[in-house]
Each structure stands twice: as structure tokens, then as C-alpha cells.
Amino acid sequence: MRGWNVHEVVNSPDRLKTPLIKKNGSFCEATWNEALSLVSNKLTDQLASDGGASIGVLGSSRCTNEENFLLVKLARAALKTNNVDHPPRLTHAPAFAGLSRAFGFGAMTNSINEIDDADLLMVCGSNTSEQHPAVASRILDAVDRGAKLIVVGPRKHQLARFSDIYLPVMPGTDLALILGMLNVIFSEGLASRSLVDAQSDQYVALEEKAMKFAPEQAERYSGVPADMIRKAAKTYAEAEKAMIFLSTGVIHHGTGTSNILGLADLAIVTGHVGKASCGLNSLVLHCNGQGACDMGLIPNMLTGDQPVADSAVRKKFEAGWGVELPIEDGLNAYEMVKAAVDGHIRSMFILGDDLLVGSPDIKQAHNALEKLDFLAVQDLFLTDTAKLADVVLPADGGACAEGTFTSTERRIQRVRRAVPNPSGKPDWEVLVELLSRCGHSVSYSSPADIMREIAWLTPIYAGVDYQQLETIGGLQWPTDPETGRGSLFLYATGFPEEFPKISAVDFIPPSDVIDSTYPFLMSIGRSYYFWNTSPMTARAPTLRREYSAPLLDYPSGLAEINPEDAKSLGVRDGGTIKLVSPHGELRLQAMVSGAVPSKVVFVPFYLREQASFLTGPTQDPEAKMPTFKESPVRVEKA
Amino acid sequence: MAVEYRTIASNRLDDLIVALAEEAQVLAPVERAAGDVLFSAIRTWDEMARDYVNTDLPPKQFMLPQVEPMFRYHRNKGYEVEPVYDEQQRIIFGIRPCDVSAMLFLDLVFSADFPDVYYARRRQKATLVAMTCDNPGENCFCTCADSGPAAEEGFDLQLTRLDGKFLVEIGSEEGSSIVNRHGNLFEAASSEEIQYRLDHEERVMPKFKEARSYFAQAIRRITTESVGDDLWHYVGDRCLACGGCSYVCPTCFCFNVVDNPNGTSGTRCRTWDSCALAGFTRMAGGHNPRKQKQDRRNRRFYHKLAHYYIEKYGRHGCVGCGRCVLACPAGIDMPAVVKNMREFAGGEGIRLENGLWQIHSTRGHTNPTHQE
């Protein structure tokens with residue numbers, strides 16, 4: 001749907017065509033020269049007066065690898081700051097963190113094509129049909145040819161209805177379910193294919209923990225009947241080739257990283273990773289979500305997960321770039337917002353991110369941006385964030401850009417310009433000019449040149465060049481520069497030394513426990529037509545029409561509620577309800593739906609502007625990600 | 001008129017295209033990056049794709065563009081309105097027989113009850129030079145719709161590949177005029193060469209991978225409303241509502257009308273629409289008679305196959321191009337659903353139990369919905 005109508009976004013009359021400079025509170029058109037010299041002067045002045053730590057730089061998982069790489073270089077090499085991030089990363093940080101802790105790489109271990117040969121697919125916390133329809137399509141094909149499908153998640157979404165086993169887990173209790181499954185696997189002797197030695201400390205620790213967690217106990221927390229847990233555990237463990245897919249449903253939790261580690265343990269003890277059609281696969285939401293991380297758009301990582309703290313890594317980059325790089329810990333996007341409110345961050349450069357709308361606390365983000373001494377934003381449209389900027393620069397967007405994206409399956413592939421950029425200036429050229437004006441002269445004649453530098457500095461991208469990408473239609477990292485081949489699935493030739501690692505994490509019941517005052521869990525998720533903060537879909541008439549369709553039926557906004565709960569509240573479909581949390585309250589209309597279990601209300605993501613006032617400040621301790629998925633609420637008839 | 005034949009040597013085709021490109025925009029299948037084949041403007045024969053099965057998108061975009069400006073308006077104490085007509089002369093070169101058949105279907109739709117001036121103007125300025133198919137693709141089933149592998153009507157010229165040359169069939173006055181205008185490029189056709197064309201269907205038929213589509217069963221089921229609610233529900237539930245089937249379909253013609261305002265003036269456009277989308281059937285007051293996805297999804301099949309449409313237009317709305325097979329992410333393309341109507345006669349054997357689909361073919365196939 002989004003893809004078929006992307007032309008509406010690309011050709012939108014709202015696209016920015018010229019740079020804008022704010023004078024006396026209103027925007028005036030400016031030349032590129034005026035705008036870029038203002039941006040570079042302000043940023044270099046900031047650097048001179050307060051140091052790099054007072055500057056924040058944000059990129060986007062919609063930009064090409066080449067653009068993001070230059071942005072990272074601008075931040076670290078020219079502006080001497082490690083405060084560089086992209087906010088959508090934080091929705092996936094627990095997955096990256098968990099996967100790299102368990103296996104070594106923070107990425108999908110398999111390829112999408114491998115679905116075709118799998119015997120079993122287990123989908124956890126992913127409304128794949130709505131958010132990754134191309135993957136859902138392959139899963140449906142697999143089901144048609146006889147593969148088994150297990151779906152785990154609180155909503156009985158489309159894929160769930162086509163599953164063999166559906167496990168309606170209460171939000172925030174995935175790990176209880178996983179431990180229950182592990183219990184079955186250990187007690188029924190199904191761990192014989194374990195990739196970690198059964199005598200090892202980590203294995204024994206996991207076995208001990210799991211043995212204390214009978215399916216009946218898992219049922220108490222997760223609401224999934226113990227027999228179903230037994231059946232799912234056996235089916236998964238006994239399958240020859242089993243792939244797990246997961247997305248925001250298990251990631252967006254206070255315990256996101258633990259959930260991933262739990263699933264990793266499950267895959268490790270059943271031998272379901274590091275083989276064709278066996279693995280753990282996190283589906284990234286944005287077109288270049290993987291690539292943006294690979295390019296080092298993460299405070300403390302240089303390209304390809306090379307830590308800034310590693311002096312050998314830093315030395316390599318310093319030699320390549322001919323500058324000294326900052327070593328201080330950088331702030332992530334949300335920490336930057338806080339630091340801006342506190343006055344520690346004074347200037348920001350934001351490329352392609354509508355920080356304001358995407359933020360978990362919009363009020364705070366607004367205050368932060370208002371308080372900055374200087375803000376420059378480069379985007380397709382005059383977004384809410386751009387409206388607060390001192391300088392706004394027009395951007396490319398996918399259809400106008402030349403470069404590469406790295407897809408969720410680690411595939412580095414070419415993006416070609418389909419239509420000319422309305423501003424006439426490609427993003428990479430803008431960034432090259434900014435780099436030079438900020439005192440770090442670089443010379444690239446094309447995005448291909450930039451990729452050569454990326455490949456040279458990044459082991460997992462070794463040897464990648466455009467000519468090769470053109471001829472074979474993309475390469476999956478890690479690449480082998482000798483053979484010019486990519487990797488279909490990870491760890492085909494064995495795991496790195498200390499991996500795979502069993503984590504044996506403890507189940508911690510949801511921090512905000514359901515009690516009699518707030519007996520419901522409110523869960524927030526994405527919808528098909530609307531896309532996160534939607535700077536793009538909101539400007540496509542067809543998508544806007546489809547997105548507003550439910551809002552015409554439920555003009556005050558909607559919350560999905562189970563028929564039984566609706567009945568006991570005395571609310572009909574369309575009736576007004578009030579959601580009350582410790583943080584605030586919200587009036588919405590009830591959409592009575594069997595898709596949600598009892599005691600759960602589901603609020604679509606596009607209402608998050610309102611719903612975020614109800615969610616608490618819980619963060620994943622490891623990935624520092626705010627919780628979007630579950631918040632305890634009380635539901636009242638209004 | 002009686003069909004006339006000529007031949008043209010392969011090495012003179014370039015001369016023909018160069019000459020035609022002087023007279024009009026010549027649109028032909030061109031292979032793009034990553035192997036996509038799309039109609040694009042060409043000026044030489046070399047630019048045209050060689051062994052294409054068909055274009056990824058149908059040529060309907062030239063008669064009914066995805067976004068078509070209809071008129072510009074300007075507010076000036078009331079409204080000034082100025083229609084926007086497309087005056088481009090086009091030659092669609094290398095159009096496949098199924099798409100010629102689809103164009104005839106669109107002609108009927110847009111000239112039936114309300115002659116559509118936008119469509120008519122574009123269509124009048126379009127010349128169709130068809131190319132018969134030697135090697136049908138794996139999703140092709142035009143033989144079931146009697147729309148290929150060679151066109152029997154609707155083309156201005158039709159080319160059939162011979163050894164070192166092409167047989168040229170003249171199908172209209174316009175086709176005849178092209179041959180006359182560039183007479184030096186054409187030669188007479190021998191009776192063997194004409195016979196080769198007449199044997200075309202028989203020769204190509206064995207190459208079809210799936211030459212059956214059980215349209216007879218589907219038309220009967222749909223017309224007598226005996227498909228079964230469970231099957232429609234199942235089809236609707238599989239649908240991801242992306243609209244792709246409509247966008248790639250050479251006969252889908254539904255459109256939406258939107259204004260693109262810019263201050264006091266603006267443009268009113270029509271844009272492709274799809275019955276898969278919830279906003280499509282919603283009425284101005286907000287009521288949606290087809291709120292459930294399955295109630296929308298079955299429209300596609302009704303509209304292509306129900307008896308009353310066939311009676312109205314004299315042909316059914318599927319030409320067997322197979323594009324929906326590629327486009328549909330959910331495996332509910334035309335041949336799949338038609339097959340399902342046969343496998344699950346009357347919706348038997350397909351049931352939603354405790355919210356999960358249970359499927360048992362009445363014909364005893366183990367995986368009845370599997371496509372292969």
C-alpha cells in the first residue's frame with residue numbers, strides 16, 4: 001500500500017525546494033550558500049565555545065548508508081562529538097543488543113529466502129502482515145506448503161489466524177512463556193542438539209532456572225494455557241529447521257533485551273541457529289534501519305559495530321580521516337533531548353527525523369528544541385521539528401537519492417534516483433559541503449566513492465563496491481573481500497570465539513504490575529497505513545484517506561477492547577471510554593474486537609501523541625529504550 | 001476488413017522505430033535496473049527489451065494514468081475552470097495480446113453509459129503495435145481468457161517473429177496507413193509465412209505452465225452466489241489490503257477524485273483506486289457498506305467474473321496476464337482464488353475455528369491452497 005502510493009509523497013507539492021532561514025520568527029527563502037555558511041558558522045562557533053559535547057547530531061533510518069556515513073563523519077571528525085544517533089534505532093536497540101550479546105552480530109541471522117525451506121516458523125511480537133508484508137507473504141506461502149506456524153503475541157492478528165499454534169501472551173510476560181517452553185525442552189530431553197555444552201556453567205544455570213519454571217507457572221504470568229506451552233515447545237524443539245521472527249512486540253518492553261536473550265537461549269539449546277533456515281531474526285522497521293546502525297549512527301559505535309572505546313578502532317579511523325576523534329561517551333537521542341533541556345546541548349543538526357512527533361515525551365522534546373541556541377534540520381517537508389529550526393534544508397528522500405540501503409536481512413543494495421530532487425542538490429553533496437565548511441575537507445566524486453571508504457573502514461562491508469552490487473543485486477554482510485561473496489546466513493562457518501552465549505536471564509514480572517486500581521494493560525502498536533511518525537504517509541492523499549478511515553468510524557480515536565470486557569463495562573462498539581493511568585487520562589471510542597485478549601486494550605500508534613501521556617517513564621535498562629508497549633490503565637465507561 | 005499481411009526484416013525494424021519516433025512517442029518494453037521491464041519512450045529498436053514476457057505494469061497507465069489531472073481551477077469571485085487534456089500522440093509498441101484484449105475491455109467501460117472524454121482523447125491518439133508471444137511466462141493463462149498468445153482483434157499492427165524477420169498483420173486503417181507511409185520497409189508475405197501465424201496458438205499452447213484456470217466453475221459459483229461465505233471470509237482474511245492487484249491489473253479502472261489545492265487555485269485529479277481499500281467504498285457521510293475486508297475483497301472477483309458484467313460488456317474482466325500472481329503478497333490472485341472455488345466447492349472444507357483457519361480440501365488434496 002505504502003509502496004504503491006509512494007509517488008504521492010515524492011511528488012507532493014509540500015516538498016521543500018529551497019533552503020529556509022528563520023528571520024524574526026518566520027522563514028525566508030535563502031540560497032544554499034547563505035544557508036550552509038550559517039549552519040557551518042553556528043556549529044563551528046558552538047564547537048569553539050563549548051566543545052563538541054555541546055552539539056547533538058541526529059540522522060535517519062530512511063537516509064542512504066552514504067548520507068549517514070557522511071553525517072557520522074561530520075559529527076565525529078568535524079564537530080568532535082559522539083552525540084550522534086537516530087531516534088528510530090531506539091525502537092530496535094534491545095534487539096541489536098540482545099542478538100550481539102548472544103551471537104556476536106546485532107542482525108537477522110537468516111535471509112528472508114530461507115523461509116522457503118523452513119519446517120517451522122515462530123513469530124513473536126510481530127504483526128508481520130501489517131509491518132513487513134513481504135515477509136508475511138513468504139510465511140503464508142510456507143504455511144500453504146505445509147510448514148508449521150507458531151504465533152506469539154497479545155493480538156490475534158492476521159498471521160495468528162493462519163497459525164497452527166497461537167499463544168496469546170499478556171503484554172510484558174514473553175520471558176515467562178519462553179522459560180516455560182525451556183522447562184518443557186529440558187524436562188522432556190529435547191535439548192540434545194544444544195550448541196552449548198551441557199556441562200558448561202551457562203547451560204547448567206539455564207537448566208536450573210528453567211526447571212523451576214513449570215508451564216503452569218508460565219501460564220500464571222502469561223495467561224497462555226500450560227498445554228499450549230508444552231505443545232509449542234515440543235513443536236519448536238523437534239522441528240528440523242526452525243526460524244524465529246520477532247519485532248517490536250517483544251522488543252518494546254521494559255524487558256526487551258531480556259526477551260531477545262531468552263529467545264536466543266531457546267534457539268541455542270535446540271540447535272536452531274547458525275544453520276540454513278534456522279535462526280533468530282529481528283525484523284527492522286525502516287528501509288535502512290539496519291544500515292543506519294551499520295554506519296555508526298549510534299553514540300558509541302563506529303561503522304559495523306566497532307566500538308569508539310576501542311583504541312585500535314579509533315586509530316584506524318583517525319589515520320583514515322586524518323583527525324583526532326572524540327573519546328567521551330556520546331548521548332543517545334533521548335539523552336540528548338534531556339541534555340538540551342538542561343542546557344548541556346546547545347546546538348543540533350537533524351537529518352530526516354521528525355524528533356518532535358516521534359518522541360515518547362513530546363512536551364519535553366518541544367522544550368528541548370526551543371531551548372537550543374541553534375537548530376538546523378534537513379528534511380523532505382517542513383515537519384513539526386523543522387518548524388522549530390533556525391535553518392531548514394531540503395532533502396532527497398528515497399526516490400531522489402543515489403546510494404545504498406542495507407535491508408533487514410543484512411543485504412546491501414543499490415538505491416537509484418528515480419526522479420530528480422526538487423532542490424537540485426543531492427543530500428550527499430550537501431553533507432560534503434558542510435564537512436568542508438566545518439573545517440574537514442573531503443573529496444568524493446560520487447556516492448560510490450563514499451562506499452569505497454565505508455568498505456575500507458568496515459570489516460563486515462569489506463570489498464563492497466557499486467559495480468559488484470549492480471551485477472549481483474546486493475550483497476549480504478559480512479562480506480568476504482577475497483571471494484566477493486556475502487553471507488546468506490550468519491555463523492555458517494562457526495561462531496566467533498565466545499559465542500553462542502547462553503544468558504539465562506531472570507523473568508521479572510512487568511514493573512507496573514496490574515492491580516485492582518489499574519486492572520488493564522494498554523498496548524500501543526503500529527497500523528498498516530500509518531507509519532510511525534508518518535512525515536511521509538500523512539502527505540500522500542490515498543494513504544491519508546485510508547489512515548483516516550478508522551477515524552471516521554471512531555472520530556475521537558479508538559482503543560481495541562475484548563468483547564467480554566466491553567460487555568462487563570456496558571460499552572458498545574463506538575461507545576466512549578476513558579483510559580486512566582497514573583500519568584494521565586484519555587477519552588477514546590471502543591472498538592470491540594476479538595483480536596485482543598481480555599484485560600488488554602490496544603491503541604493504534606497514530607494516536608500515540610495522546611497515548612504517550614499515559615505511559616510511564618520505564619526504560620529498558622540495557623538499551624535505554626522507553627517502554628511503549630505496556631502500561632497499566634483503568635478503563636471506564638464515559 | 002480482411003486481414004492483410006506483410007513482412008519486415010529484423011534489421012529494418014530499427015528504421016521503422018526511428019521513423020515512428022518522429023511522428024509520435026513510441027512506448028515499448030524496456031529493461032531497467034534489476035530486471036524490471038516497463039513501457040518507456042524509445043527512439044531506436046536497440047532500446048527495446050528483447051526476450052520480455054510482458055511489462056511489469058500494464059499499458060493502461062497511458063489511457064488512465066495513476067494520477068491524471070482533469071482540470072485546473074482558480075478562485076476569482078466564483079471559479080474559473082480550465083480542462084486539462086492530454087494531446088500526446090502515442091504508439092504502444094510491443095504490447096502483448098492480453099493487454100490488447102484488456103484495452104478493448106477498457107474501451108467498453110469508458111464509452112458505455114458515460115463516454116469519458118479524458119479516456120477517449122488519449123485512446124484516439126494511441127496506436128497499438130502488438131507482438132505475439134512465443135514463450136509464455138510461468139504465470140500466464142491468457143488461453144483461458146481467449147486473449148492470447150496472439151491477438152485476434154483490437155491491434156493496429158501485430159508482429160510475429162519469423163526467422164530473421166517479422167510477419168506484420170494489419171488490423172486497422174491506422175495500421176494500414178503506417179505500412180503505406182513506410183512502404184519501403186515492408187515486403188509481401190508468403191502463404192507459408194501467413195500459415196505460420198495461423199498455427200501460432202497451436203504451436204505455443206504446449207509451452208504454458210498453467211493453461212487452465214477453471215473460469216467456468218468460478219463464473220457459475222459467483223453468478224449463482226454459491227462460492228460460500230467461509231471461502232470469501234478466508235480470501236478476505238488473507239488479503240493484506242495493499243491494492244497491488246488493482247494497480248497491476250490491465251482491466252481495473254476504478255479511480256478516486258482528489259483536489260490538489262495551492263492557495264486560491266489548484267488541480268483536480270483522478271487517481272487509481274482499489275476495491276481492496278477501506279476508503280474506497282466509504283460514502284461521503286461516513287457510512288461504509290463494505291466495512292469488512294472480505295466484503296470488499298470479493299468485489300474484485302465479482303467484477304471480473306459475474307455473469308451480469310459479462311453480459312454487459314460481452315467479455316469477462318480477466319485477460320489472464322498473470323500480473324496479480326506476482327503482485328499479490330497473500331496468494332489470493334485470480335488463478336489461486338478461482339482454484340479455491342473449485343477445491344472448496346460452496347466454501348466447504350474451510351472454516352474459522354476458535355479464531356484459527358482450518359483447511360481441508362473437498363478434493364482431498366493435502367495442501368489445497370499451495371500454488372504449485
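The chains referred to below are lettered A, B, ... by the order of the sequence lines, with proteins before strands, and numbering in each begins at 1.
Of the listed residues (B:V258, B:D237, B:N354), the greatest number of heavy-atom pairs within a distance under 4.5 Å of chain A belongs to B:D237. Interface summary for chain A: among B:N256, B:T271, B:N288, the most heavy-atom pairs under 4.5 angstrom belong to B:N256. For the set B:Q66, B:H287, B:Q358, the entry with the most heavy-atom pairs within less than 4.5 Å of chain A is B:Q66.
Looking at B:L57, the atoms closer than 4.5 Å to chain A (heavy atoms on both sides) all sit in the side chain, from C-beta outward. Of the atoms belonging to A:D164, it is backbone heavy atoms, and not side-chain ones, that fall under 4.5 Å from chain B. Contacts between A:A160 and chain B at a heavy-atom distance below 4.5 Å involve the backbone alone (N, CA, C, O).
Here the side chain of B:K293 pairs a donor or acceptor atom with the backbone of B:C239 at under 3.5 angstrom. Side-chain N or O atoms of B:R238 include one that pairs as donor or acceptor with a backbone N or O of B:A330 at under 3.5 Å.
Between A:V592 and A:R572, the closest heavy-atom pair is CG2-C, 4.0 Å. Scanning both residues, B:L240 and B:P329, for their nearest heavy atoms gives CD1-CG, 3.7 Å.
The aromatic rings of B:Y85 and B:Y118 sit tilted, their planes meeting at an angle between 30° and 60°.
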